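Here the structure is a predicted model, which means the values were calculated and not measured.
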Amino acid sequence: MKVGVLALQGDVREHISALIACGVQPTTVRRPSELAAVDALVLPGGESTTIAQLAEIFGLLEPLARRIAAGMPVYGSCAGMILLADEILDAKEGQKTFGGLDITVRRNAFGRQVDSFESDIAFNDGSTDLIRAVFIRAPWVERVGKNVEVLASVDSHPVAVRSGHLLATSFHPELTADHRIHRYFIEEVAKPALQKVQ
Amino acid sequence: MTEVTGTGRVKRGMAEMLKGGVIMDVVNAEQAKIAEDAGAVAVMALERVPADIRAQGGVARMSDPDMIEKIQAAVSIPVMAKARIGHFVEAQVLQSLGVDYIDESEVLTPADYKNHIDKWNFTVPFVCGATNLGEALRRINEGAAMIRSKGEAGTGDVSNAMQHMREINGEIRRLSSMREDELYVAAKELQAPYELVKEVAEKGKLPVVLFTAGGIATPADAALMMSMGADGVFIGSGIFKSGNPAQRAAACVRATTFWDDPKVIADASRGLGEAMVGINVADLPAPHRLAERGW
């Protein structure tokens, strides 16, 4: 399985390290040809308005939206969650997303940087161990579609969701040494989804 | 469940999210909108861009809170603001306004010629300038969560930014090549804490994100700094002192992402109109060089 990390802007390096720790050899994706060469993709944390705009300018918006619709496994953290959402609130005027995940996400829902926080939260992947979650100007999910499973919440706001081949968290597991979410994406989301396609 | 704010990870992590991006100086809400539309990852709210501070002279201070709040209301991306070196009350004011990052900046007139702000006492993260590794590590020791090489602000002359990046990264490479028992003397010579020196020697990089600032005026300048190992760039006067700010801003964003692709940089550089006129750093009398502020 070839896993890419969208590398237009954001904490690409941290996602690459986390993926390597999970036993995959990720590549960076900035061009349509690089997108065509990967089976699964990670959308990093960063500035969602910047990433969406660069994706449009460099011809990635359409092909990426098509790949997502066609079943490519994708995991997005923070800005990545926003980019996967079908609908966003508190967006910049005209802000686009790749979409595919039937959720409504509110940008910067937890507040500004002074409100950014970390916390131990439950992540419903079968384990009862808590996970250290780092929230940075983080979004939350305000509406989940009927095929979307909520995997974690903070104060009743969903912060980790999954729908089939798509996984999104409003926190940044790539900033910690615990690679449970990346492993979950590779083993439980991406591998089964790709087997189904084949 | 306990939620902790202002941790080192949250402060440094915020800077990680800005990587590969351009942070632009803006003096009002209209400019902030232009910067956001052009793809800036954040804006720096200030009353006068460095080129004007340089031209008009006088004491340069923290911006008017009204002006900062107007900019915060106008854009959805992070808003940073500058405090004078050592002026911890300006920093407290900026934190109370909810700015996302404070730049303790040599572009403003220093309030304290000996001490910088004790940045550990704040929830909001700080970025500080540095001309060499020792200075960067002293700032990190005081709690800075992000470093930018200083360059020479308000000039449009990239030569000092280049020199400072070479200096910082050259010293990091030198530390990485040393025997462990040589790091004590290295720490003494760098005038930096041994623990940080050891960490840099082991990792081969700063423990925080390193951006570049000061004199970047074109897409090629931005790409040059990225290829020198910068994690991202600050563009101050270079955008809104040029002929076509919106187009130049977007071009610098593209060149920062594709810094290693000359074809993209060439396309981004086409038809931008006039760049800021600029001043050669060599023509600046020493007392007017901002990079020499801070120690």
Side-chain angles (χ1 to χ4, degrees), chain A residues 7-15 28 30-31 44-58 77-79 82 88-95 107-108 110-122 130 132-138 153-155 171-172 174-176, chain B residues 1-23 33 35-42 72 74-80 94-102 122-125 145 205 209 231-232 250-251 253-254 256-258 260-261 264 267-268:
Chain A
L8 295 170
Q9 189 274 319
D11 68 337
V12 177
R13 205 156 58 207
E14 286 66 26
H15 276 288
T28 56
R30 287 182 297 174
R31 301 173 175 89
E47 184 44 58
S48 61
T49 55
T50 304
I51 297 173
Q53 184 155 348
L54 285 165
E56 190 168 21
I57 293 170
F58 291 100
S77 73
C78 197
I82 295 168
I88 47 179
L89 302 172
D90 291 340
K92 179 174 95 79
E93 205 184 309
Q95 185 177 343
R107 286 180 70 213
N108 307 332
F110 286 101
R112 308 194 68 93
Q113 173 60 15
V114 286
D115 307 307
S116 292
F117 65 97
E118 46 183 292
S119 180
D120 292 318
I121 65 169
L130 298 179
R132 191 69 175 170
V134 184
F135 295 86
I136 296 176
R137 283 173 52 94
S153 297
V154 168
D155 303 335
F171 52 92
H172 295 279
E174 73 277 12
L175 291 181
T176 71
Chain B
M1 189 169 67
T2 21
E3 300 179 358
V4 212
T5 57
T7 63
R9 188 146 57 187
V10 159
K11 289 174 171 178
R12 292 179 181 190
M14 170 74 206
E16 304 287 355
M17 301 310 146
L18 301 171
K19 280 189 304 201
V22 182
I23 300 168
K33 290 289 290 177
E36 183 182 43
D37 287 341
V41 288
Q72 286 173 320
V75 294
S76 65
I77 56 177
V79 176
M80 302 183 166
L94 293 174
Q95 174 167 279
S96 79
L97 296 175
V99 306
D100 295 298
Y101 237 94
I102 294 177
F122 289 80
T123 308
V124 66
K205 63 186 269 304
V209 164
D231 289 320
V253 170
R254 273 146 61 198
T256 300
T257 293
F258 285 92
D260 54 349
D261 188 333
V264 174
D267 284 342

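Counting only heavy atoms from C-beta outward, the side chains of A:Q113 and A:I136 approach each other to under 4.5 Å. The shortest side-chain heavy-atom distance between B:V264 and A:R30 does not fall under the 4.5 Å cut-off. Side-chain contact check for A:V12 versus A:T28: some heavy-atom pair is nearer than 4.5 Å.
Using a 4.5 Å cut-off between heavy atoms, A:L8 contacts chain B through both its backbone and its side chain. Proximity to chain B (any heavy atom under 4.5 Å) is restricted, for A:T49, to the side chain, taken from C-beta onward. With a 4.5 Å cut-off on non-hydrogen atoms, B:A250 does not touch chain A at all. There is no contact between B:A15 and chain A, counting heavy-atom distances below 4.5 Å. Looking at B:V79, both its backbone and its side chain come within 4.5 Å of chain A, counting heavy atoms on both sides. When heavy atoms are compared at a cutoff of 4.5 Å, A:S48 does not approach chain B at all. Residue A:R107 touches chain B through its side chain alone, counting heavy-atom pairs closer than 4.5 Å. Proximity to chain B (any heavy atom under 4.5 Å) is restricted, for A:Q53, to the side chain, taken from C-beta onward. For chain B, the nearby parts of A:V114 are the backbone and the side chain; heavy atoms of each come within less than 4.5 Å. Proximity to chain B is limited to the side chain of A:R137, based on heavy atoms less than 4.5 angstrom apart. For chain B, the nearby part of A:L54 is the side chain; its heavy atoms alone come within less than 4.5 Å.
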Which is it for A:E118 and B:R9 under the salt bridge (Lys or Arg N to Asp or Glu O under 4.0 Å) test, yes or no, and what are the steps along the way?
CA-CA 8 Å; A:E118 46 183 292; B:R9 188 146 57 187; 2.8 Å; yes
Quick one, A:V134 with A:T176, criterion side-chain contact (heavy atoms from CB on, under 4.5 Å). Give me CA distance, side-chain angles, the key distance, then yes/no.
CA-CA 8 Å; A:V134 184; A:T176 71; 3.9 Å; yes
B:D261 and A:R31: CA distance, side-chain angles, deciding distance, salt bridge (Lys or Arg N to Asp or Glu O under 4.0 Å) verdict:
CA-CA 11 Å; B:D261 188 333; A:R31 301 173 175 89; 2.9 Å; yes
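Under the 3.5 Å distance criterion, the side-chain polar atoms of B:T5 are left unmatched by any main-chain donor or acceptor of A:D115.
Evaluation of the salt bridge (charged side-chain N to carboxylate O under 4.0 Å, His left out) rule for A:R13 yields B:D231 as partners, not counting sequence neighbours. For the ring-ring contact (aromatic ring centres under 6.0 Å, His included) test, no residue two or more places apart in sequence or in another chain qualifies with B:Y101.
No other option in B:Q72, B:Q95, B:R254, B:M17 has as many heavy-atom pairs under 4.5 Å with chain A as B:M17. Taking B:D37, B:T257, B:V4, B:D100 one by one and counting their heavy-atom pairs under 4.5 Å with chain A, the maximum is reached by B:D100. When each of A:T50, A:N108, A:I51 is checked for heavy-atom pairs under 4.5 Å with chain B, A:T50 comes out on top. Note: B:I77 leads B:T123, B:V124, B:I77 in heavy-atom pairs under 4.5 Å with chain A. Contact tally against chain B (heavy-atom pairs below 4.5 Å) for A:P44, A:S116, A:G45: the top residue is A:S116. Residue with the most contacts toward chain B among A:E93, A:Q95, A:R112: A:R112 (heavy-atom pairs, distance under 4.5 Å).
A tilted orientation is assigned to the rings of A:F58 and B:F258, their planes being inclined by 30° to 60°.
Taking CZ of A:F117 as the start and CZ of A:F135 as the end, the distance is 4.5 Å to the nearest 0.5 Å.
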